[in-house]
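Quick notes on the structure that follows.
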Amino acid sequence: MKSKIVMDSAGDLKELGGVDYANVPLKILAGDHEFVDSDEATVDEMIDFLKTYKGAASTACPGVGEYMDAFGDADEVYCVTITSSLSGSYNAAAAAAREYQEAHPDRKIHVFDSLSAGPEMLLLTEKIRELVQQGIPHEKLVEKVKEYQKKTRLAFSLESLRNLANNGRVPTVVAKAVGILGIRLLGKASEEGTLQPCGKARGEKKVVPEMLKFLKEMGYAGGKLRIAHCRNEKAAGELKAALLQQFKNADISIGKTGALCSFYAEEGGMLVGFETA
Ligand code: X90
């Protein structure tokens, strides 16, 4: 039996070993330029382009057809999307899943609304892979992932919310408060899958200690943790080191944001997906 995992590019994962996997790209649109979130080179190209680009920039989620192509001919498909509260990706995937099911009644498919973005989506996908490899049957697997999802969270620190505000994903007043030099917004994905501001860190040096405190307040106690950063290797590395001092054997890894998360989290932004106790 062929199992496949499909995730949109807000999960910052182009390839995944050990299982059949497909990344379904979102797109970033700036004038005549279109950046397809399908490889790492595009990320740098996009960030550098946007630095001098003065026009409006927006994003587009995958269409139903793109999801259909990604599902391919697998007997069972597990699909993970960015939060349906901020993107149409989940709806497109769910529509594709209905088509898939109608065309192939013998196959099984489930679409998970991550209610999140970036590294929390990655955790869900890693969990799905683990369960697929254990040979857990479809319905049971879906149930287990839903249970797991109740224990995972997303925290972030952002230096700019310009693109989020310009595209109506956060209120402008929230974005303005962060525009002031040296202020970083700390926040989390709410239960409804929206962006919830929780505090501020003043100055670069405060980001890591404030984030550490915030993660513990949110219930981090040494579980699996994934960091995705946009050109902020330094803060990501420091956060990992600080966490490992307190949680010696924690499974922590660092990755880079793809084009979609880089566009919204912007340079210096850091996303942290983690398991609570
Ligand atoms: O469909 C589309 O065009 C995509 C729209 C996505 C908008 C939000 C992306 C957020 C990316 C930024 C910080 C984390 C916020 C998470 C809240 C759930 C990451």
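Whatever order the structure lists ligands and atoms in, that order sets their numbers, starting from 1. Throughout, residue positions are numbered sequentially from 1 according to the sequence presented. The structure presented is a predicted model; accordingly, all values stated were derived computationally and were not measured.
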* Structure fact -> Logged contact type for L271 with ligand 1, heavy-atom cut-off 4.0 Å, is side chain
* Asked: By number and element, which atoms of ligand 1 are closer than 4.0 Å to a non-hydrogen atom of L26?
  -> 1 (O), 2 (C), 4 (C)
* Asked: Within less than 4.0 angstrom of ligand 1, does S89 place any heavy atom?
  -> no
* Numbered atoms and elements of ligand 1 in range of F156, under 4.0 angstrom, heavy atoms -> 14 (C), 15 (C)
* **From CA spacing to verdict: side chain to side chain contact (heavy atoms under 4.5 Å, CB included), L29, H33** => CA-CA 6 Å; L29 312 160; H33 284 75; over 6 Å; no
* To do: Would you mind checking which non-hydrogen protein atom is closest to atom 1 (O) of ligand 1, with the distance to 0.1 Å?
  => S87 OG, 2.7 Å
* **salt_bridge(K213, E210) N-O dist < 4.0 Å** => yes
* Asked: Any Lys/Arg nitrogen of D12 or K256 sitting under 4.0 Å from an Asp/Glu carboxylate oxygen of the other?
  -> no
* Would you call R226 and D251 a salt bridge, taking side-chain N to carboxylate O under 4.0 Å as the test? -> yes
* Asked: Which ligand 1 atoms does R169 reach within 4.0 Å, using its non-hydrogen atoms?
  -> 1 (O), 2 (C), 3 (O), 5 (C), 7 (C)
* Asked: Is a side-chain donor or acceptor of N23 paired with a backbone partner of K14 at a separation under 3.5 angstrom?
  -> no
* **Salt-bridge criterion met for R231 and D44 (N-O under 4.0 Å)** => yes
* Among all protein heavy atoms, pick out the one at the shortest distance from atom 15 (C) of ligand 1; state its residue, atom name and that distance to 0.1 Å. => L195 CD1, 3.7 Å
* Asked: What atoms of ligand 1 come within less than 4.0 Å of a heavy atom belonging to T59?
  -> 2 (C), 3 (O), 4 (C), 5 (C)
* To do: Decide, yes or no, whether a salt bridge links K224 with E275 under the criterion of side-chain N to carboxylate O below 4.0 Å.
  => no
* Asked: Which one holds for A60 and ligand 1: side chain close, backbone close, both close, or neither close, with close meaning a heavy atom under 4.0 Å?
  -> backbone
* Is any NZ, NE, NH1 or NH2 atom of the basic residue among K127 and E130 found under 4.0 Å from an Asp or Glu carboxylate oxygen of the other? -> yes
* Option passing side-chain hydrogen bond (donor to acceptor under 3.5 Å, both in side chains) with E147 (candidates Q149, K150, K151, K144) -> K150
* Examine T83 against ligand 1 and note whether any of their N/O atoms are separated by less than 3.5 Å. => no
* Structure fact -> atom 9 (C) of ligand 1: closest protein heavy atom, distance to 0.1 Å, is Y264 CD1, 3.5 Å
* Atoms in ligand 1 with a heavy atom of L154 nearer than 4.0 Å -> 16 (C)
* Asked: Against heavy atoms of I82, which atoms of ligand 1 measure under 4.0 Å?
  -> 6 (C), 9 (C)
* **Top protein contact for atom 8 (C) of ligand 1, by heavy-atom distance** => L86 CD1, 3.9 Å
* Salt bridge K234-E204, side-chain N to carboxylate O under 4.0 Å -> yes
* Structure fact -> Atoms of ligand 1 under 4.0 Å from any heavy atom of A189, numbered from 1 in the order shown, are 18 (C)
